[in-house]
Each structure stands twice: as C-alpha cells, then as structure tokens.
Number of protein chains: 2
Amino acid sequence: MRDLTRLKSLQALEASARHGSFVGAAAELDVTPPAVGQLVRSLEDWVGYPLFRRSRSGAERLTPVDEAQDALDDIAEGLDLLETGLRKLRGRKARSVVVVTASQALVANWLLARLDDFSTNYPTIDVRLDVSDRVIDLAQGEADVGIRCGLGSWKGVKSTFLMSEEIIAVCHNRLLPVDRDVTAGWIVDQTLIHDGTPHPGGDFPTWAEWLARSGANQVPSERGLRINSTAAVIQAAVAARGVALVRKALVAQELDSGRLVHLLPNVRWPVKWAYYIVAAPKALRRYEIAAFHDWLVARPR
Amino acid sequence: MRDLTRLKSLQALEASARHGSFVGAAAELDVTPPAVGQLVRSLEDWVGYPLFRRSRSGAERLTPVDEAQDALDDIAEGLDLLETGLRKLRGRKARSVVVVTASQALVANWLLARLDDFSTNYPTIDVRLDVSDRVIDLAQGEADVGIRCGLGSWKGVKSTFLMSEEIIAVCHNRLLPVDRDVTAGWIVDQTLIHDGTPHPGGDFPTWAEWLARSGANQVPSERGLRINSTAAVIQAAVAARGVALVRKALVAQELDSGRLVHLLPNVRWPVKWAYYIVAAPKALRRYEIAAFHDWLVARPR
DNA sequence: GCTCACGACAAAGATTTTCTTTCTTTGCGG
DNA sequence: CCGCAAAGAAAGAAAATCTTTGTCGTGAGC
C-alpha cells in the first residue's frame, strides 16, 4: 500500500533544485515561474519547513537546504525512472502517423523545409501531408493537425500562435533595374501580379493601397496578372513574370537564396492574420500529435 | 532537461497493475474506481495501445499486456523512490503539533481512548487537546481540527462524516431490578436524569417523548436531575444517580465494561446529528493535520 | 433458469489542482 | 541612480481530476 501524494510538487521541487531557480524549472516544465513557486511552497507547507534558501539576486537564486538534499537524490532518481518507464511505454508503439493539413503555398514554401528536423527528432513518427486550400474540419478528425494562416479563432480546436505575418513586395532579381534604385514609380511600371485569393478580415492590401503608402504619385490600373492561388502567385514571381505582393513567411527561402528580392523594405504592411497550429483537444491526447504540436511550437521560426 | 508528464496516470497505472483491478487501485489512491479507469485510459490514448487485457469476471480483472511489463518495473521503482524521498522530507521535521478541539463529553468518553493508536502510528506528532463546549472558530486558526457532533454543515471548514448517533437509555448496573425485567414502567419510577444542553435541530428526545415510544402508560413528571452538561449527565449515570438518556457513542466504553447497561434496546431513537471531523482547508495542507484527519476518518469506529 | 454481486465503462457535471496574469519587492551590477 | 532579473502574492481562468449515476457482461449461488 503506497502512500504518495503531491507528485507534481515533487517534480517542481526537483527541477527547481537542479536549475537553481523557478525560472529555469518553469522553462523545463513548460509552465510559468509563479506556477513552480506555488507548487514548491505548497510542498513546504506540507513538510513544515523551507526547502530552499532564497537569494534575491545572483545566478543561484535557490539553494536546497541541507535537510532536503538526501531526499532530492531519491526524488531525482525516482523521476528518472518514471521518465524511463514512460519512454518505454511510448517506445513499444509501432510507427505512428500524424496527418498534417496546410495550404499548398504553406506546405511548399514553409513547412516542407522544416519537416526534416521533425523526422530527425522523432524517427518513429511518420508525417502525412494533406495539402488543401479549404479549411479542413479537424474536430471531425479529417486530419490531426493543421497549420493555418488566419485570425486564430476557429471553433472546436485549440489554436496556438506560431508567428505573425506581413505583406511585402518582391520580384525576381533579374527584373531589378541595373542603373537606378527601385522606386514606387518603377514598380508602377512593372507587370503587377495580383493575388485573387480571399483573405477575409486579414487586412491584405491591394496594389493600389500598397503603392499609395509607398509614395507613388500615380495609381496603377488593374492590369497585370491576377491569380487566385497564392502558391501560383509566388511561382509567377519566382519565374520573373512580374512584381508580386506576397506573405513574407512564404518566400523566406527565396529571399534567403537571393532569387527573390524584397522591394522597398521600409514599407511595412503587417496584417492581422498570423500563423497558428491547430488541433482538436482530443487529438492532442495522443503522444504523436502532442509531439508534433510541441515540436513546431518550440522551434524558432 | 527532463521530459515527464502524466505523473498521476503513471501512478494509477502502477497501482492498477499491482492490485489487478481499478477497485483495488482506487482504494489505495483514495479515489473512486472510475477515476482510476479514466487516468489509465488517458495513458492508453497517449501511448496508442491498451496497457491491460480486461476480464469482465474473476478475481484478476486487469492483466498488464506484455509490452507494458518492462516499463511497469521502472515505474514501480520510480514511485517507490518518490515515496522514500517524500518520507525523508517529512522525516526531517522536528516534532509537530496538532491542536484538536472537542467537547468535554467527547474527549473524555470517546477520543481519549483512541489517541494511543494515533501516537503509536505517528510518534513524531504531538496532539494537544483543547476541550471546549463552545464551537471553536477553526477558520480563524483557534485550533487545527475539531471533532463535532451536529448536522455537518459548518461554514468555512471541510467536514467529513465519521459516524451516526442514536439516543439510548442507560443506568448503572447496580440499579437494575433483581427480580424482574426492566420495563418502561420501571424506568418511570426511577430518578430520571435530564440533559439540559441544547441540541438544535438534532431531534433529541425528552424523557416524555422517549417513554411514550417505549410504551409507558403514564408520563413522568419533570422531576429528577436536570444537568446542562452532557459530560456531567454521563458521570451522574455512571455514579448510579438515576437513569439517563445519552448519546450511545459517548458511553460505548461504559457499556463495554458493563458498568452502564443499555435499557430497552429495542427502542431506537436515531438522531440527525452525527459526528464529523472538521478542519479549515488551509490547515489540511499541513502534513500533520492531514495525517490526523486521514487517520481518524480511516479507522473503524 | 433466474437473480445477484462484482467490476469495467461511459457520460455528465462538480470539485480541486494547476496555471496565468499582473503587480510588487528586493538586491545587484553597470 | 537606474535597469534588470527573479521571487512572491493575489486573483481569476483553465485544465485536470474526481464523483455520481447508470449500463453491461460474466460467473456464482439458489
């Protein structure tokens, strides 16, 4: 008959001792520092004496009291064994699959470049990409996880912010004028590629709006290319067919490679839409779904 | 950087494996069986396969699947170490004190007889008895724990049912008639000891009420002893001063010893008041308070 | 063959625990 | 002297855990 309570507090205690601070422990436990502080103090209430000496400054803010050291060794070893046990439980699963849905533009221009890192970290989890430009019903299990660009408030799913977005003007480096700087006037004279896909509530600019903010004296006509596919708009820009207004995140690689060039970078046009990873709460109870979710949320953009 | 979640589920899993049922595990963890079932199933969702083979009958309702056995060994050992660590943390405390308040009658006739068992089980915890016939304000910290007889709904404290109560008629064995049975008629002719202490809402009978239920043909006058102290009423009965109506729990020892005799046992008079252990929620966060509380709740009456 | 007991299971709602957010305090370093 | 970092506290929100109720399946006993 085991007599064991306050598991979460023991975990918080051990992580705080190991890191020397609640801040360090909080980062490991994926909670806020006050949360760790509360857990440790509740344990101190329980045992009836302080478990740390506190320092209000310096690198080592918490020092375990001598009376706790012996116990901390047992607790650390115990938690190590629990982690080993949990890993063994997970390790017995045959390969598992995560179905990720995202738009063609997002998959091709952003997500694919990152999936190698996921497979490296999680070799037993297969990712299946379900490319779709319509909003997949995750609550109905049509996919496990979605990467979406939008306002973030979709029904029936948990959405977690990844990064914000802004609209920039780009063109192929071949199109750049050789003998003068790029100006709004220069842009007006190029073939303008219009993205016809709807972005409700997203504050996407038209070329007219963007150029007005850029200081252009004349407003362009609606001539040029009009494509109702964001992926195709980017491809047209990459193919040097004209100048395009695009979402910055989707052309990051092309910008890095120099193939596309960011025109008039001082003109900022942040939008309300941002990138989120979304999943049904029920799906997140599965290890592989939570693993993918947590991996994407944790990695730098 | 440790990666450990679902501690509660691991604990539920291990206890279920060790007991072979959720019912057994629930008893150990002090929760209901469905609670254990939910914890285990959430872990099964997490790892993606069943961890037990279920049997709908027989003594062994749950059998760990082969894949889980290896992990269960680690988890069991890990939990053992955590328990050891927690015990070491508690063990470092100097002696601690629990202040228990109860009425004179309850302390003298019930609680004192049980405290040896507590001290045996918890040698480092001192109990200080605060005898008081008024209702101590536990929320204000006037005492840590109270044993009370009442309706159970006191403000600002957690109350836990201990046992119910009934009113019985008793007298010293010296007073018993030698040559005939005890009848209601016989009782009417004795010195009746009246308990004058108030019992609001408790359904305590007067002698008149009790005797009416006993089949007495005549109703006694209000003569006899009238004492406004339950403890003194019991002492008067023990001193053979007359026949008393008393709370059965408070005279259990005297009944067991034969000194007092339960008259007309077929006359039952259960009351709405029952015995509860009460404590402020904040006090229960201290180990020694929770230990006393859990000890009293768990022991047979 | 029927009834009862036992325990897993599921659903829904209640309760408790954990967590976040906001603000304050303290002390050290620049 | 100011800025920074982290602990601490309080209040409220969110999530996890738990309880209650009822169902189902199976075996034992009558």
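A, B, ... follow the sequence lines: proteins, then strands. Residue 1 opens every chain. No hydrogens, no waters, no symmetry mates; every other heavy atom, side chains included, goes into these values.
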>> Taking A:P123's backbone N and O only, do any of them form a donor-acceptor pair with A:R95's side chain (distance below 3.5 Å, no angle check)?
In response: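 Indeed, once roles are kept as given, a pair shorter than 3.5 Å links the two residues.
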
> Can you tell me if A:W269 uses its side chain to pair, donor with acceptor, with the backbone of A:D203 under 3.5 Å?
Replying inline: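 Yes, A:W269 side chain to A:D203 backbone: donor-acceptor pair under 3.5 Å.
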
> Among all residues two or more places apart in sequence or in another chain, which pass the ring-ring contact (aromatic ring centres under 6.0 Å, His included) test with B:Y122?
Replying inline: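 With neighbours one apart ignored, the set is B:F118.
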
Rounded to the nearest angstrom, tell me the gap between atom [atom1] in [X] and atom [atom2] in [N].
X: A:L43; N: C:dT18; atom1: CG; atom2: C1'; result: 15 Å
X: B:R53; N: C:dA8; atom1: CZ; atom2: P; result: 16 Å
X: A:L13; N: C:dT18; atom1: CG; atom2: P; result: 14 Å
X: A:R41; N: C:dC19; atom1: CZ; atom2: P; result: 13 Å
X: A:W46; N: C:dT17; atom1: CH2; atom2: P; result: 11 Å
X: B:L62; N: D:dT26; atom1: CG; atom2: C1'; result: 15 Å
X: B:R54; N: D:dT26; atom1: CZ; atom2: C1'; result: 17 Å

> Where along nucleotides 11-18 of chain D does protein come under 4.0 Å, by heavy atom, of base (B) or sugar-phosphate alone (S), with - for untouched nucleotides?
Replying inline: B-----SB

> What string of B, S and - do you get for nucleotides 24-30 of chain C, 5' to 3', when a contact is any protein heavy atom under 4.0 Å?
Replying inline: -BSSS--

Throw together a table of side-chain donor-acceptor distances under 3.5 angstrom for residues 29-43 of chain A, partners on residues two or more places apart or in other chains.
| unit_1 | atom_1 | unit_2 | atom_2 | d |
| --- | --- | --- | --- | --- |
| A:S42 | OG | A:S9 | OG | 3.3 |
| A:S42 | OG | A:L39 | O | 2.9 |

>> If the condition is salt bridge (Lys or Arg N to Asp or Glu O under 4.0 Å), which residues does B:D130 pass it with, not counting sequence neighbours?
In response: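 Per chain and number, B:D130 pairs via salt bridge (Lys or Arg N to Asp or Glu O under 4.0 Å) with no residue.
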
> Going by the angle between their ring planes, with limits at 30° and 60°, are A:Y275 and A:W110 parallel, tilted or perpendicular?
Replying inline: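 It falls in the parallel class, under 30°.
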
> Excluding sequence neighbours, so at least two apart, what forms side chain to side chain contact (heavy atoms under 4.5 Å, CB included) with A:D70?
Replying inline: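 Partners of A:D70 by the side chain to side chain contact (heavy atoms under 4.5 Å, CB included) criterion, ordered by chain and then number, come out as B:K88, B:R92.
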
>> Contact between B:T101 and B:I147 at the side-chain level, heavy atoms closer than 4.5 Å - yes or no?
In response: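 No, their side chains stay 4.5 Å or more apart.
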
